[in-house]
Each structure stands twice: as C-alpha cells, then as structure tokens.
Amino acid sequence: MKLIEAANYEEMSEKAADIIISQVKEKPNSVLGLATGSTMLGVYKQLVEDHRQNGTSYRNVRTVNLDEYIGLSPDHPNSYRYYMNQHLFAHIDIPLSQTYIPNGTSDDVEAECQRYERLIESLGGIDLQILGIGRNGHIGFNEPGTPFSVPTHVVELTPSTRQANARFFPSFEDVPHQAITMGIATIMKSRHILLLASGTEKAATMAKLFEGTVTTDVPASVLHTHPNVTVIADQEALSLVPDEKRKVYGK
Ligand SMILES: O=P(O)(O)OC[C@H]1O[C@](O)(CO)[C@@H](O)[C@@H]1O
C-alpha cells in the first residue's frame with residue numbers, strides 16, 4: 001500500500017483525477033470501477049473540467065459502480081445511478097450503455113448480484129477501482145464483519161451507515177435498509193485500487209487502517225494484502241496517523 005498525502009480535499013481530488021486520466025490515456029478502453037459519496041464529488045468535477053479543457057475522451061471506457069440501494073429506481077434522486085449521471089456521465093463523452101450499476105429494483109436481487117459479477121468478468125475485470133471509505137471502515141457497502149471471500153451480494157446497512165448517508169435524504173427514515181454491493185472478493189480482483197479519504201470524520205478509521213492489522217472489523221484493511229493499492233488522503237484524514245506510519249507507507 002502506497003500513501004500519497006494531500007494538503008486538503010481539493011489537492012486530493014486533483015491527484016486522484018490525474019491518476020484516472022493517465023489510466024484512460026494509457027488504455028482508452030479501460031474498465032473503471034467507480035464510487036459515490038461526498039468524497040468523489042471533487043474528483044468527478046476535475047474529470048469533467050479536464051474533459052472540457054483538454055478533451056480527454058471516455059468514448060471507449062467502460063465503468064462499473066460499486067453499489068446501489070435496493071428499492072431506488074435509476075431516476076430516484078438518491079439512487080447512485082442518478083448521482084453518476086448527474087455528476088459525471090452527463091458531462092463527458094461516455095455512452096451511457098457502457099456504464100454499469102447494479103439494478104436496485106430487480107425482482108430477483110440475488111440473481112442480479114450474480115449477473116453483475118459475471119458482467120464484470122465479461123468486461124475483462126477492473127483496471128482501476130476507486131474507493132471511498134466509510135466511517136466504520138467499510139469499502140463499497142461491505143460492513144464490518146463481512147468475510148473477505150464474498151462476491152457481489154445484498155447487504156443490510158448498519159444504522160451508522162444509514163445515519164452517515166442520511167444527509168443526502170429528506171430524513172433518516174427515507175434511507176434504504178439494503179443495498180447491492182460488489183463484495184470484497186470482487187474489489188480485490190481489480191488490477192489497481194485507489195482509496196481516497198478526506199476530513200476529520202475519517203481520521204479514526206484511517207488511523208486503524210494504517211495500524212496495519214488485517215481484520216474484517218475494518219473492511220478496508222484487506223487492502224494491505226493487495227499488490228497495487230494507492231491511498232490518497234488529506235491532512236485532516238491523516239491527523240491521527242503517526243509520522244512513522246506515514247513515512248513507512250509514503251515511500
Ligand atoms: O464519501 P463519503 O460520503 O464519506 O462515503 C464514503 C463511502 O460510503 C459510501 O457512500 C457508502 O456508504 C460509499 O459509496 C463511499 O465510498
């Protein structure tokens with residue numbers, strides 16, 4: 001795991017966007033694994049700006065998103081499909097038919113999980129997967145305690161995750177109880193993983209991550225066992241990570 005320190009959210013977003021843009025330039029038909037949440041907004045803004053100014057093209061890129069709420073249709077303003085269209089896809093030249101997100105309104109969500117897993121395989125796997133991190137260390141919607149071996153699956157969201165995401169909904173009661181998420185096994189097959197963290201609310205989780213212990217209590221800790229992980233975090237997110245750890249992972 002390699003740590004890149006950023007001064008703040010803006011710089012974290014720029015550094016992450018640079019890595020994604022380089023990936024797309026080197027391999028124009030890349031499969032990008034995408035994430036949602038507040039952390040990603042700055043990155044998507046940078047990608048859109050770069051597309052407008054420098055013409056980086058996504059015409060041949062394929063994207064697969066990490067997760068989707070069960071019960072929210074693609075045109076629901078809180079669905080992750082809506083988020084992706086609004087913040088990225090509508091502003092770059094990717095055909096929507098090349099963008100994939102689990103279908104949260106499928107009649108058979110178990111079958112949908114299997115279909116999604118097969119879809120990722122049929123695309124040739126993920127070249128670059130972007131991840132945010134939950135306050136409890138979750139990646140995608142893989143909550144603490146989830147075995148590392150699980151592929152795409154249905155999850156019951158913890159009250160703390162529902163609470164953390166309630167800010168996007170009219171009220172806490174409106175936050176769905178379930179989601180479909182790529183499993184940790186799915187995420188770990190990605191050839192390169194980029195984890196982003198910003199802000200003091202992520203500081204305690206980042207301190208646990210950089211302790212280095214691999215445990216299902218902190219789902220993101222599995223990334224220590226992956227050969228190609230880059231973490232970009234700002235100073236607030238790293239505020240509880242001791243200097244010696246920053247040096248070890250910063251090399
Ligand atoms: O970027 P945020 O909003 O802090 O969310 C962190 C992570 O939590 C999720 O929103 C799921 O709760 C992920 O999609 C995201 O990567």
Side-chain angles (χ1 to χ4, degrees), residues 1-37 39-67 80 83-85 87-101 116-133 139-140 152 182-198 220 222-234 249-251:
M1 184 180 284
K2 180 183 158 197
L3 171 65
I4 298 175
E5 297 195 23
N8 50 34
Y9 180 78
E10 185 75 11
E11 197 181 291
M12 177 203 73
S13 306
E14 283 167 13
K15 286 175 186 283
D18 285 349
I19 292 176
I20 298 167
I21 292 164
S22 300
Q23 170 70 40
V24 170
K25 284 188 173 154
E26 270 165 36
K27 187 179 173 192
N29 67 345
S30 288
V31 176
L32 300 180
L34 300 181
T36 52
T39 310
M40 300 302 151
L41 290 173
V43 181
Y44 296 149
K45 202 166 147 233
Q46 294 288 334
L47 295 183
V48 170
E49 235 167 75
D50 165 75
H51 171 71
R52 285 191 183 136
Q53 282 174 14
N54 307 317
T56 304
S57 177
Y58 296 81
R59 216 170 306 130
N60 296 311
V61 165
R62 285 79 46 82
T63 66
V64 283
N65 262 75
L66 280 169
D67 43 20
Y80 285 162
Y83 169 112
M84 289 308 303
N85 288 353
H87 294 295
L88 183 64
F89 301 149
H91 311 290
I92 58 174
D93 62 345
I94 191 165
L96 271 186
S97 58
Q98 289 165 208
T99 67
Y100 303 96
I101 299 181
Y116 201 68
E117 195 69 28
R118 282 196 303 270
L119 168 81
I120 295 169
E121 273 167 34
S122 73
L123 294 173
I126 298 166
D127 291 300
L128 175 63
Q129 174 67 57
I130 311 161
L131 298 176
I133 183 165
I139 48 176
T152 300
M182 275 187 209
I184 290 178
T186 324
I187 293 169
M188 290 293 281
K189 284 186 201 160
S190 310
R191 290 183 269 283
H192 183 192
I193 296 176
L194 183 57
L195 179 118
L196 308 182
S198 168
V222 71
L223 300 175
H224 286 293
T225 67
H226 188 285
N228 193 9
V229 173
T230 307
V231 176
I232 306 179
D234 69 11
Y249 289 101
K251 279 186 183 154

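In this text the structure is predicted, and so the values were computed from the model without any measurement.
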Under 4.5 Å between any side-chain heavy atoms of [X] and [Y], yes or no?
X: L32; Y: V24; answer: yes
X: K251; Y: L3; answer: no
X: L131; Y: L223; answer: yes
X: L34; Y: I101; answer: no
X: Y44; Y: T36; answer: no
X: V61; Y: Q98; answer: no
X: Y58; Y: T63; answer: no
X: I21; Y: Q46; answer: no

Please determine whether side-chain contact (heavy atoms from CB on, under 4.5 Å) holds for the pair L41 and Y83, giving the CA-CA distance in whole Å, both sets of side-chain angles, and the decisive distance to 0.1 Å.
CA-CA 10 Å; L41 290 173; Y83 169 112; 3.5 Å; yes

Let me see the working for V64 and M182 under side-chain contact (heavy atoms from CB on, under 4.5 Å), right down to the final yes or no. CA-CA 10 Å; V64 283; M182 275 187 209; 3.9 Å; yes

Nearest heavy atoms of [X] and [Y], plus distance in Å:
X: G125; Y: V31; result: O-CB, 3.3 Å
X: G33; Y: I126; result: N-CG2, 3.7 Å
X: A35; Y: L66; result: CB-CD1, 3.7 Å
X: H51; Y: H91; result: CD2-O, 3.4 Å
X: D234; Y: S198; result: OD2-OG, 2.6 Å
X: Q23; Y: S30; result: NE2-OG, 2.9 Å

With sequence neighbours excluded, give me every salt bridge (Lys or Arg N to Asp or Glu O under 4.0 Å) pair touching [range].
range: residues 41-63; result: R59-D93
range: residues 8-23; result: E11-K15
range: residues 119-132; result: K27-D127, E121-K189, D127-R191

Taken in chain and number order and not counting sequence neighbours, the residues that satisfy side chain to side chain donor-acceptor pair (under 3.5 Å) with Y80 are Y69

H192 meets the ring pair (Phe, Tyr, Trp, His ring centres under 6.0 Å) criterion, sequence neighbours left out, with none

Those residues at least two apart in sequence (or on a different chain) that pass ring pair (Phe, Tyr, Trp, His ring centres under 6.0 Å) with H224 are Y249

Separation between [atom1] of [X] and [atom2] of [Y], rounded to the nearest 0.5 Å:
X: T99; Y: N85; atom1: OG1; atom2: CG; value: 6.5 Å
X: D67; Y: I139; atom1: CG; atom2: CD1; value: 11.0 Å
X: I130; Y: T230; atom1: CD1; atom2: OG1; value: 12.0 Å
X: I232; Y: I19; atom1: CD1; atom2: CD1; value: 4.0 Å
X: I187; Y: T152; atom1: CD1; atom2: OG1; value: 8.5 Å
X: I184; Y: T225; atom1: CD1; atom2: OG1; value: 9.5 Å

I'd like to know if the side chain of Y116 and the backbone of Y100 have a donor-acceptor N/O pair within less than 3.5 Å.
yes

